[in-house]
Chemist: 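What follows is a single structure, and I will ask about it in a moment.
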Amino acid sequence: PGSDVITEGSVELHCSEGLQLRPPTEAGMPDDWITSCTVPLQPSTTGEKQVLTALVKSTIGSETEGKLDGSESRSTAPHMRTQILEARVATSYRHALYRDMLERSDAASPMTTSLEAMVSTLDRPALTVEGTDAFHVTPDLVMVCVTLYCNTPLPFYLKEWDV
């Protein structure tokens with residue numbers, strides 16, 4: 001745990017296109033799905049944690065997950081764009097030993113800091129079946145073609161497949 005005493009602060013949450021969030025429940029915060037919000041932080045002492053939980057959902061529905069018509073590439077199709085939740089935390093704080101200094105001199109303004117983070121989200125499951133086709137090879141033999149989409153930074157490897 002740190003040795004800082006937070007005097008005030010806030011957390012800003014911003015959604016990219018296609019995401020919405022329900023902010024942490026605080027007095028005066030909306031209870032609907034929104035695209036950005038600012039949540040105030042409570043003053044806290046050393047070692048004290050504040051946990052904020054927000055629900056996030058993708059607004060890109062299954063209607064956009066059909067086949068591409070050729071006018072959009074994979075990277076620009078709405079259901080293929082990376083969706084990002086941005087968080088910015090701004091705080092004003094003093095070191096825990098500041099109380100001792102206050103007794104000896106005048107109060108100084110608190111120090112400030114700002115932290116930023118970005119989290120990309122999976123707009124669909126990690127491994128998705130994009131399409132299937134069946135082709136008659138002979139009257140008694142059918143070849144099945146399954147197109148998979150991997151939505152993770154590292155590829156999946158299928159070691160075994162049973163039909």
Chemist: Would you sort out whether L41 and S10 count as a side chain to side chain contact (heavy atoms under 4.5 Å, CB included), showing the intermediate values?
Modeler: CA-CA 5 Å; L41 292 175; S10 65; 5.6 Å; no

Chemist: Supply the atom-to-atom distance T38 OG1 to L13 CG, rounded to the nearest 0.5 angstrom.
Modeler: 8.0 Å

Chemist: Could you tell me which non-hydrogen atom of L55 sits nearest to which non-hydrogen atom of W33, and how far apart they are?
Modeler: O-CZ3, 3.4 Å

Chemist: Kindly give the heavy-atom pair with the smallest separation between Q42 and I6, and that separation in Å.
Modeler: O-CG2, 4.5 Å

Chemist: For the pair L148 and V129, evaluate side chain to side chain contact (heavy atoms under 4.5 Å, CB included) and give the outcome as yes or no after the intermediate values.
Modeler: CA-CA 5 Å; L148 300 174; V129 176; 3.7 Å; yes

Chemist: To the closest 0.5 Å, what do you measure between CD (E86) and OG (S36)?
Modeler: 10.5 Å

Chemist: Work out which heavy atom in D162 is nearest to a heavy atom in E160; give both atom names and the distance.
Modeler: OD2-OE2, 3.6 Å

Chemist: Between the side chain of E12 and the main-chain N/O of R88, is any donor-acceptor distance below 3.5 Å?
Modeler: no

Chemist: Restricting to non-hydrogen atoms, name the atom on Y93 and the atom on T112 that form the minimum distance, rounded to 0.1 Å.
Modeler: CE2-C, 3.9 Å

Chemist: Out of curiosity, T147 OG1 to D133 CG, how far, rounded to the nearest 0.5 Å?
Modeler: 6.5 Å

Chemist: What verdict does the side chain to side chain contact (heavy atoms under 4.5 Å, CB included) test give for V39 and C37, after you've listed the backbone C-alpha separation in whole Å, the side-chain angles of each residue and the deciding distance to 0.1 Å?
Modeler: CA-CA 7 Å; V39 180; C37 69; 4.0 Å; yes

Chemist: Quick check against the 3.5 Å criterion: does T7 have a side-chain atom that pairs as donor or acceptor with the backbone of S92?
Modeler: yes

Chemist: Hey, could you give me the CG/CD distance between L85 and Q20, rounded to the nearest 0.5 Å?
Modeler: 12.5 Å

Chemist: How far apart are the closest heavy atoms of R94 and S109, and which atoms are they?
Modeler: NH2-C, 4.0 Å

Chemist: Can you see which heavy atom on T35 is nearest to which on L21, and at what distance?
Modeler: O-CD2, 4.4 Å

